[in-house]
Engineer: 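Here's a structure for you.
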Amino acid sequence: MGAAPYPERMSSAALPFRIGYGEDAHRLAAGRPLVLGGVPIPHAELGAVAHSDGDAALHAVADALLSGLALGDIGQYFPDTAAEWQGMDSRRILAKALELVTGRGYRPLNVALVVTLDRPKLGALRADIAASVAELLGLAVTEVGVSFKTSEGLAPEHVQTRVTVLLGRMDV
Ligand SMILES: Nc1ccn([C@@H]2O[C@H](COP(=O)(O)O)[C@@H](O)[C@H]2O)c(=O)n1
Ligand SMILES: C[C@@]1(CO)OP(=O)(O)OP(=O)(O)OC[C@H]1O
């Protein structure tokens with residue numbers, strides 16, 4: 001059996017829509033800030049251990065954008081060995097990923113973000129996180145879905161994020 005006979009117009013470079021997926025995880029420890037989606041989380045007893053500000057939500061959104069166009073991951077653009085990026089505001093990482101995507105003629109259309117964190121409860125911050133991510137991506141807040149899960153006590157010193165993004169070509 002030969003390869004599927006896709007016509008030239010179906011080449012991935014021409015796809016009107018592309019899906020991206022990203023994940024991130026950080027260990028949590030006392031004495032560190034916790035920032036998610038660009039929003040500082042008040043009263044968090046534990047914060048992210050990271051080279052940057054440890055914003056696992058923005059890292060996953062940025063990786064989702066990059067993966068949608070097969071552009072690698074944020075570590076390629078911001079190595080965690082570079083002193084330059086130590087403690088950096090992760091909004092810069094997202095801005096770079098967005099710039100790479102828009103530079104190739106695509107833009108995000110909608111985002112689904114899942115944060116798994118045992119404590120604190122984040123429900124009261126859902127609108128703030130959605131608004132922050134939406135603003136960073138130039139989207140309406142209705143295009144950013146934010147879900148929270150606990151790990152049911154399986155990973156109390158850990159934050160995990162998962163993100164899907166739909167990219168659309170700007171010329172269609
Ligand atoms: N950090 C979190 C984690 C979860 N929630 C909300 O709690 C509800 C139950 O979560 P389960 O993991 O037990 O399914 C759910 O409605 C979450 O939105 C939260 O607010 N903050
Ligand atoms: C953001 C970078 C760079 O500061 O470091 P971390 O904050 O540790 O984050 P991670 O999600 O592990 O990987 C990307 C890194 O290159």
Side-chain angles (χ1 to χ4, degrees), residues 19-103 108 110-137 141-165 167:
I19 292 172
Y21 179 75
E23 288 195 9
D24 195 29
H26 283 279
R27 193 163 60 79
L28 300 175
R32 304 275 311 182
L34 183 62
V35 183
L36 290 168
V39 176
I41 308 302
H43 315 303
E45 287 168 20
L46 305 176
V49 177
H51 184 253
S52 67
D53 67 5
D55 190 328
L58 293 191
H59 294 178
V61 175
D63 267 352
L65 291 174
L66 295 174
S67 79
L69 288 173
L71 295 174
D73 62 55
I74 60 173
Q76 292 174 241
Y77 304 92
F78 301 95
D80 64 6
T81 46
E84 195 182 350
W85 312 126
Q86 195 143 15
M88 78 180 297
D89 184 331
S90 294
R91 290 177 292 192
R92 284 184 62 190
I93 297 176
L94 186 57
K96 175 68 180 175
L98 185 61
E99 177 191 308
L100 289 164
V101 164
T102 56
N110 79 299
V111 173
L113 162 67
V114 182
V115 177
T116 302
L117 179 75
D118 280 4
R119 287 191 305 143
K121 288 286 185 163
L122 296 169
L125 295 170
R126 192 188 315 268
D128 290 348
I129 292 173
S132 172
V133 173
E135 184 180 355
L136 293 168
L137 295 176
V141 71
T142 47
E143 309 312 333
V144 179
V146 179
S147 310
F148 303 120
K149 304 300 293 180
T150 67
S151 77
E152 297 285 355
L154 294 172
E157 296 182 356
H158 179 259
V159 59
Q160 170 84 49
T161 55
R162 300 177 176 89
V163 170
T164 52
V165 62
L167 302 176

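No hydrogens, no waters, no symmetry mates; every other heavy atom, side chains included, goes into these values. Whatever order the structure lists ligands and atoms in, that order sets their numbers, starting from 1.
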Engineer: What residue and atom, counting heavy atoms only, is the protein's closest point to atom 2 (C) of ligand 2, and at what distance?
Structural biologist: Phe78 O, 3.8 Å
Engineer: For Ser151 and Asp118, does a side-chain donor sit closer than 3.5 Å to a side-chain acceptor?
Structural biologist: yes
Engineer: To the nearest 0.5 Å, what is the distance between OG1 on Thr142 and CG on Asn110?
Structural biologist: 9.5 Å
Engineer: Give the atom numbers and elements of ligand 1 that come within less than 4.0 Å of a heavy atom of Arg126.
Structural biologist: 18 (O)
Engineer: Protein heavy-atom contact under 4.0 Å for atom 1 (N) of ligand 1?
Structural biologist: yes
Engineer: Answer whether the closest heavy-atom distance between the side chains of Leu98 and Pro108 falls below 4.5 Å.
Structural biologist: yes
Engineer: How far is atom 1 (C) of ligand 2 from its nearest protein heavy atom, and which residue and atom is that?
Structural biologist: Ile93 CD1, 3.6 Å
Engineer: Would you say the side-chain atoms of Ser67 pair up with the backbone N or O of Tyr21, donor to acceptor, closer than 3.5 Å?
Structural biologist: yes
Engineer: Given that the side chain starts at C-beta and the backbone is N, CA, C, O, which of these parts of Arg119 lies under 4.0 Å from ligand 1, counting heavy atoms, or is it both or neither?
Structural biologist: neither
Engineer: May I ask you to identify the nearest protein heavy atom to atom 21 (N) of ligand 1, giving residue, atom name and distance to one decimal place in Å?
Structural biologist: Leu122 N, 2.8 Å
Engineer: Under 4.0 Å from any heavy atom of Gly75, which atoms of ligand 2 are there?
Structural biologist: 16 (O)
Engineer: Whether the side chain of Asp55 engages the backbone of Gly38 through a donor-acceptor N/O pair (distance < 3.5 Å, no angle test) should be reported.
Structural biologist: yes
Engineer: Is it the side chain (CB and beyond), the backbone, both or neither of Ser151 that lies under 4.0 Å from ligand 1, heavy atoms counted?
Structural biologist: neither
Engineer: Measure the CG-CG distance between Leu94 and Leu137 for me, rounded to the nearest 0.5 Å.
Structural biologist: 5.0 Å
Engineer: May I ask you to identify the nearest protein heavy atom to atom 17 (C) of ligand 1, giving residue, atom name and distance to one decimal place in Å?
Structural biologist: Phe148 O, 3.2 Å
Engineer: Does Gln86 have a heavy atom less than 4.0 Å from any atom of ligand 2?
Structural biologist: no
Engineer: Checking the side chain of Arg32 only, and the main-chain atoms of Ala50 only, is there a donor and an acceptor separated by less than 3.5 Å?
Structural biologist: yes
Engineer: If I take atom CD1 from residue Ile41 and atom CG from residue Leu125, how far apart are they, to the nearest 0.5 angstrom?
Structural biologist: 5.0 Å
Engineer: Among His158, His59, His51, which residue satisfies the ring-ring contact (aromatic ring centres under 6.0 Å, His included) criterion with His26?
Structural biologist: His59
Engineer: What atoms of ligand 1 come within less than 4.0 Å of a heavy atom belonging to Glu152?
Structural biologist: 13 (O)
Engineer: Report the part of His59 in contact with ligand 2, treating N, CA, C, O as backbone and CB onward as side chain, heavy atoms under 4.0 Å; options are side chain, backbone, both, neither.
Structural biologist: side chain
Engineer: What distance do Asp73 atom CG and Asp63 atom CG have between them, rounded to the nearest 0.5 Å?
Structural biologist: 5.0 Å
Engineer: Please report which non-hydrogen protein atom sits nearest to atom 7 (O) of ligand 2, along with the residue it belongs to and the distance in Å to one decimal place.
Structural biologist: Ser52 OG, 2.4 Å
Engineer: If we ignore hydrogens and angles and just use 3.5 Å, is the side chain of Ser52 paired with the main-chain N or O of Ser90 as donor and acceptor?
Structural biologist: no
Engineer: Evaluate the side-chain proximity of Leu58 to Leu136: yes if any heavy-atom separation is below 4.5 Å, no if none is.
Structural biologist: yes
Engineer: Would you compute the distance between atom NZ of Lys96 and atom CG of Leu71 and round it to the nearest 0.5 angstrom?
Structural biologist: 10.5 Å
Engineer: Enter the distance from Asp53:CG to Arg92:CZ here, rounded to the nearest 0.5 Å.
Structural biologist: 11.0 Å
Engineer: Under 4.0 Å from any heavy atom of Trp85, which atoms of ligand 2 are there?
Structural biologist: 4 (O)
Engineer: Below 4.0 Å, non-hydrogen atoms only: which portion of Asp24 touches ligand 2? Side chain, backbone, both or neither.
Structural biologist: side chain
Engineer: For atom 12 (O) of ligand 2, what's the nearest protein heavy-atom neighbour? Residue, atom name and distance, please.
Structural biologist: His26 CE1, 3.6 Å
Engineer: Name the closest protein heavy atom to atom 4 (O) of ligand 2, giving the residue it belongs to and the distance to 0.1 Å.
Structural biologist: His51 ND1, 2.9 Å
Engineer: Under 4.0 Å from a heavy atom of Gly123: which atoms of ligand 1 are those, numbered in the order shown and with their elements?
Structural biologist: 20 (O)
Engineer: With heavy atoms of Thr150 as the reference, note each atom of ligand 1 found under 4.0 Å away.
Structural biologist: 3 (C), 4 (C), 11 (P), 12 (O), 13 (O)
Engineer: Report the nearest protein non-hydrogen atom to atom 14 (O) of ligand 1: residue, atom name, distance rounded to 0.1 Å.
Structural biologist: Lys149 NZ, 3.1 Å
Engineer: Does any N/O atom on Lys121 come nearer than 3.5 Å to any N/O atom on ligand 1?
Structural biologist: yes
Engineer: Which is it for Asp53 and ligand 2 at heavy atoms under 4.0 Å: side chain, backbone, both or neither?
Structural biologist: neither
Engineer: Suppose we measure from atom 13 (O) of ligand 2 to each protein heavy atom; which comes out shortest, and what is that distance?
Structural biologist: Ile74 CD1, 4.3 Å
